[in-house]
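Quick note on labels: first sequence line is chain A, next is B, and so on, each numbered from 1.
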There are 2 protein chains.
Amino acid sequence: MVEQEALDDVLKALADSTRRVMIQRLSEGERTVGELAEPLSMSLAGASKHVGVLESAGLITRERRGRERVCSLRPNALRELRDWVAHYAEFWDSRLNALDAALRADNAEEDDE
Amino acid sequence: MVEQEALDDVLKALADSTRRVMIQRLSEGERTVGELAEPLSMSLAGASKHVGVLESAGLITRERRGRERVCSLRPNALRELRDWVAHYAEFWDSRLNALDAALRADNAEEDDE
DNA sequence: TTCTTGCTCAACCATATGGTTGAGCAATGG
DNA sequence: CCATTGCTCAACCATATGGTTGAGCAAGAA
């Protein structure tokens with residue numbers, strides 16, 4: 001059902017704030033590797049590695065265009081993650097609702113604040 | 001707004017299939033560390049470390065009960081992750097819809113299959 | 001008390017990860 | 001042609017991660 005391997009790669013790729021910043025920027029539109037690297041206080045080669053991680057996780061694509069490499073988000077790679085999280089978020093929500101109810105009950109009892 | 005540090009910990013914790021299995025089992029109910037370790041072809045100490053990672057990411061709690069440590073999921077730690085994913089899933093979905101539309105258009109043209 | 005169970009902790013090891021630099025290639029500009 | 005720009009690759013380094021074993025503590029059983 002769920003391809004655990006792919007989910008692993010996606011989660012590992014996202015578990016780094018540098019790469020999440022890249023995803024953020026790419027959600028605004030295409031960016032070259034250089035553009036992604038620019039605000040990052042890191043060498044270009046370092047940024048390029050991060051791009052590589054995102055690419056092999058299937059989260060983005062890198063396309064040669066002249067001498068630049070243009071990156072764009074790949075819709076659909078996050079699907080699996082979304083489904084996974086949604087599954088547990090459901091569970092979480094029901095727990096939260098139970099918690100809320102309990103807290104409301106407590107507050108009603110105490111009749112304070 | 002979003003606590004990047006916490007999100008980092010949550011994503012790192014989940015980016016390991018062993019720990020996701022633990023989450024899965026815990027979603028069915030409380031489990032002791034030993035119970036979580038049992039199906040894992042790994043030493044108890046190893047499993048205990050994984051439990052520690054989940055705990056310090058805020059995803060579960062570990063409570064001493066007699067000589068056992070009982071683990072349970074902590075509702076609400078996944079909230080931030082869910083929100084993050086939901087944000088991008090929205091983006092992803094709109095892209096996917098565009099893709100679907102494009103594909104439908106292609107199929108209509110080809111009028112095949 | 002003594003033995004056993006359930007677990008944690010510390011030390012250690014191998015490999016993965018995140019970063020660097022330096023070399024070098026391919027495309028564009030002079 | 002040659003220089004410059006945009007990037008990748010390989011080598012290297014430090015630290016983090018995932019696992020092991022062995023010691024040991026705390027609680028329950030005998």
Would you kindly compare M42(A) and K12(A) by the position of their nearest DNA chain C nucleotide and give the one closer to the 5′ end?
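Here K12(A) is the residue nearer the 5' end.
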So does L44(B) get a backbone contact from the side chain of S48(B), meaning a donor-acceptor N/O pair under 3.5 Å?
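Not at all, since once roles are kept as given, no pair shorter than 3.5 Å links the two residues.
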Check nucleotides 24-30 of chain C for protein N or O atoms closer than 3.5 Å to its own N or O atoms and list the pairs.
residue: dA27(C); atom: N3; partner: R67(A); partner atom: NH1; Å: 3.4

Say you draw a straight line from CZ of R31(B) to CE of M22(B); how long is it, rounded to the nearest 0.5 Å?
12.0 Å
Which distance, rounded to the nearest 0.5 Å, do you find between the OH of Y88(A) and the CG of L73(B)?
8.5 Å
Looking across every strand, which nucleic acid part, if any, lies under 4.0 Å from A37(A) by heavy atom: base, sugar-phosphate, or nothing?
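No contact.
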Could you check G34(A) against R19(B) and say which one's nearest nucleotide on DNA chain D is further toward the 5' end?
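The residue whose closest nucleotide sits nearer the 5' end is G34(A).
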First encountered from the 5' end of DNA chain D, between V70(A) and L44(B):
V70(A)
Below 4.0 angstrom, N of the basic side chain to O of the carboxylate: do E30(B) and R25(B) qualify?
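Salt bridge between E30(B) and R25(B), a charged N being under 4.0 Å from a carboxylate O: no.
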Is D16(B) paired with K12(A) through a side-chain N to carboxylate O contact shorter than 4.0 Å?
no
Send over the distance from E68(B) CD to dG28(D) P, rounded to a whole Å.
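So the two atoms are 10 Å apart, to the nearest Å.
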Any side-chain N or O of T32(B) below 4.0 angstrom from OP1/OP2 of dC7(C)?
yes
Think S48(B) has a side-chain N or O under 4.0 angstrom from the OP1 or OP2 of dC9(C)?
no
Check: T61(B) and C71(B) side chains under 4.5 Å, non-hydrogen atoms:
no
H50(A) side chain, from C-beta outward: closest of dT21(D), dT8(D), dG19(C):
dG19(C)
Between dT8(D), dG18(C), dG18(D), which nucleotide gets closest to the side-chain atoms of V33(A)?
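The answer is dT8(D).
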